Undergrad: 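A single structure is presented below for examination.
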Number of protein chains: 2
Amino acid sequence: MNVRTLCLGILSLGEASGYEIKKKIEGPFNHFYEASFGSIYPALTRLTEEGMVSCTKHAQANRPHKKVYGLTTPGRLAFLDELTSMPRPDRVRSEFLVFMTFAELLPTRHLSRVLDEQVGYWRAHIAELEAGTEKPTAAGHEFVCGFGVAVYRAALAYTEENRYRVEAANLMAEPAAASPALTTRNAQIQPVD
Amino acid sequence: MNVRTLCLGILSLGEASGYEIKKKIEGPFNHFYEASFGSIYPALTRLTEEGMVSCTKHAQANRPHKKVYGLTTPGRLAFLDELTSMPRPDRVRSEFLVFMTFAELLPTRHLSRVLDEQVGYWRAHIAELEAGTEKPTAAGHEFVCGFGVAVYRAALAYTEENRYRVEAANLMAEPAAASPALTTRNAQIQPVD
DNA sequence: TTATCCATGTAAGAAGTTACATGATTGA
DNA sequence: TCAATCATGTAACTTCTTACATGGATAA
């Protein structure tokens, strides 16, 4: 699954321009997929060359021209075919969790700030998803929004209930720069050629 | 945050070879970070050149040589510096959720299989994390494992409680290939040059 | 005897991001 | 006047994955 396939998927819901596709990805998709213009435009060009999508140019008064793309039958079949395979395992890259792993090394204030910001993100995501779920559309869409809310709520609740643990451990740990345990260890190792 | 920085982080917990670093990333880190040998080895080479890590070669009987890396003071400072910035927003790429978004287009049996497998993944992840948490180490590590369990449990519970919605909607939807709504639309659009 | 573990590394390529280039309109 | 929205696109770059190359030891 790549931006290419995601474009096919979005176009299966209706015609759209590259710009509009980007906006749609920034909607609920944003929570589990990202794509920039720099990947969307080339993908659409290639899909057009391959006959997966059709392209109609619309001249607009006082606006740049707009290219509206629509799925062709081969494009629809290709997307359906993709959906008939097994999805690859989810990939998560969380810098927040890397930071938490090394919580004892962070300056105390910074640790709290990182936690506060993260909690803020989740709250905002939940609010956004709940606002979007008010107008129910397709079953799949609703499922995914509900999923997002459930997972973000769990992350939020867990963090609010357990952050004191890392914050307490951080207070106990000596400041990184002054800790002998941290600076002594590599004195024993010297580069060898 | 990249593989480079993650290597520094892992080395801050103790010396290790490239192979061992990879194994450690495959442990609890695996749930929120991935790295292959193809990214770890070049990263370590570069870090050595830059003086961020030291490297000691160990000859082993009946084994390939082993290069054990250790953090140097500049490396430790660089990592600490990284931890003093704000973490970037988490990135999730979930093909499973893309599939669910388009649940109505999947063959019914396939949809159920996808859901079953996903539920299986989560169960396995939870079991693995719970096995790892039995031997508590650092506070940060425990927090992260507990976080993983909480989030996976939420995902699992939500999916088990709500999968019937997408499965029911899928049954209602006509098979994609036979649906007139799906094939008629793009008959109205013709490529324009 | 077959697979897995240990152990390092390179090279090619995929995939995507960021920054740039262009430019009118609209709202604060 | 300044930022944001609409609108498309390219080019350089980063980052990482996959596949390959090598090869002994050990366990099933």
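Chain naming here is simple, since letters A, B, ... match the order of the sequence lines and numbering starts at 1 in each. Given the structure is predicted, the values throughout are model-derived calculations rather than measurements. Below, all heavy atoms of this structure are taken into account, side chains as well, without hydrogens, waters or symmetry copies.
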Undergrad: Got a sec, which pairs hit salt bridge (Lys or Arg N to Asp or Glu O under 4.0 Å) with one end in residues 143-158 of chain B, sequence neighbours left out?
TA: B:Glu130-B:Arg153
Undergrad: With sequence neighbours left out, what residues match A:Thr101 under side-chain hydrogen bond (donor to acceptor under 3.5 Å, both in side chains)?
TA: none
Undergrad: Could you state the atom-to-atom distance from NE2 of A:His65 to C1' of C:dA24 in whole Å?
TA: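 Checked: the NE2 to C1' distance equals 14 Å.
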Undergrad: Donor-acceptor pairs under 3.5 Å, side chain of residues 25-33 of chain A to any protein atom, not counting sequence neighbours: which ones?
TA:
{"from": "A:Glu26", "atom 1": "OE1", "to": "A:Lys23", "atom 2": "NZ", "distance (Å)": "3.4"}
{"from": "A:Glu26", "atom 1": "OE2", "to": "A:Lys22", "atom 2": "NZ", "distance (Å)": "3.1"}
{"from": "A:His31", "atom 1": "ND1", "to": "A:Tyr152", "atom 2": "OH", "distance (Å)": "2.9"}
{"from": "A:Tyr33", "atom 1": "OH", "to": "A:Met1", "atom 2": "O", "distance (Å)": "3.2"}
{"from": "A:Tyr33", "atom 1": "OH", "to": "B:Arg93", "atom 2": "NH1", "distance (Å)": "3.4"}

Undergrad: Find the distance B:Tyr41:OH to C:dA11:P and express it as a whole number of Å.
TA: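 Taking atom P of C:dA11 as the reference, OH of B:Tyr41 is at 16 Å.
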Undergrad: Quick one: ring-ring contact (aromatic ring centres under 6.0 Å, His included) pairs with a partner in residues 75-97 of chain B, sequence neighbours left out?
TA: A:Phe102-B:Phe79, B:Phe96-B:Trp122
Undergrad: By salt bridge (charged side-chain N to carboxylate O under 4.0 Å, His left out), which residues pair with B:Arg88, not counting sequence neighbours?
TA: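 Salt bridge (charged side-chain N to carboxylate O under 4.0 Å, His left out) list for B:Arg88, sorted by chain: empty.
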Undergrad: When the C1' atoms of the five terminal pairs at each end define the local axes, what inter-axis angle does the helix from C:dT1-D:dA28 to C:dA28-D:dT1 show, to 10 degrees?
TA: 50°
Undergrad: Suppose we screen for side-chain contact (heavy atoms from CB on, under 4.5 Å). Which residues come up paired with B:Ala150, at least two apart in sequence or across chains?
TA: A:Tyr158
Undergrad: Could you go through residues 39-53 of chain A and list every donor-acceptor pair under 3.5 Å that involves a side-chain atom there, pairing it with any protein atom two or more places apart or in another chain?
TA:
{"from": "A:Ser39", "atom 1": "OG", "to": "A:Ser36", "atom 2": "N", "distance (Å)": "3.4"}
{"from": "A:Ser39", "atom 1": "OG", "to": "A:Ser36", "atom 2": "O", "distance (Å)": "2.9"}
{"from": "A:Thr45", "atom 1": "OG1", "to": "A:Tyr41", "atom 2": "O", "distance (Å)": "3.0"}
{"from": "A:Arg46", "atom 1": "NE", "to": "A:Glu50", "atom 2": "OE2", "distance (Å)": "3.0"}
{"from": "A:Arg46", "atom 1": "NH2", "to": "A:Glu50", "atom 2": "OE2", "distance (Å)": "3.3"}
{"from": "A:Thr48", "atom 1": "OG1", "to": "A:Leu44", "atom 2": "O", "distance (Å)": "2.7"}
{"from": "A:Glu50", "atom 1": "OE1", "to": "A:Arg4", "atom 2": "NH1", "distance (Å)": "2.6"}
{"from": "A:Glu50", "atom 1": "OE1", "to": "A:Arg4", "atom 2": "NH2", "distance (Å)": "3.4"}

Undergrad: What pairs meet the salt bridge (Lys or Arg N to Asp or Glu O under 4.0 Å) rule with one or both residues in residues 109-122 of chain B, with sequence neighbours excluded?
TA: B:Asp116-B:Arg163
Undergrad: Tabulate atom names and distances for all N/O pairs under 3.5 angstrom spanning the protein and nucleotides 16-22 of chain C.
TA:
{"from": "C:dG16", "atom 1": "OP1", "to": "A:Val3", "atom 2": "N", "distance (Å)": "3.4"}
{"from": "C:dG16", "atom 1": "OP1", "to": "B:Arg93", "atom 2": "NH1", "distance (Å)": "3.1"}
{"from": "C:dT17", "atom 1": "OP2", "to": "A:Ser36", "atom 2": "N", "distance (Å)": "3.2"}
{"from": "C:dT17", "atom 1": "OP2", "to": "A:Ser36", "atom 2": "OG", "distance (Å)": "2.8"}
{"from": "C:dT17", "atom 1": "OP2", "to": "A:Ser39", "atom 2": "OG", "distance (Å)": "3.4"}

Undergrad: Taking only residues two or more places apart in sequence or in another chain, which ones pass side-chain contact (heavy atoms from CB on, under 4.5 Å) with A:Thr108?
TA: A:Asn170, A:Leu171
Undergrad: Between residues 17-27 of chain B and DNA chain C, which residues have a heavy-atom gap below 4.0 Å?
TA: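 Per residue number, the list reads B:Ser17, B:Gly18, B:Tyr19.
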Undergrad: Do A:Thr5 and A:Asn2 get their side chains close enough for a donor-acceptor pair, meaning under 3.5 Å?
TA: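 Yes, a side-chain donor-acceptor pair sits under 3.5 Å.
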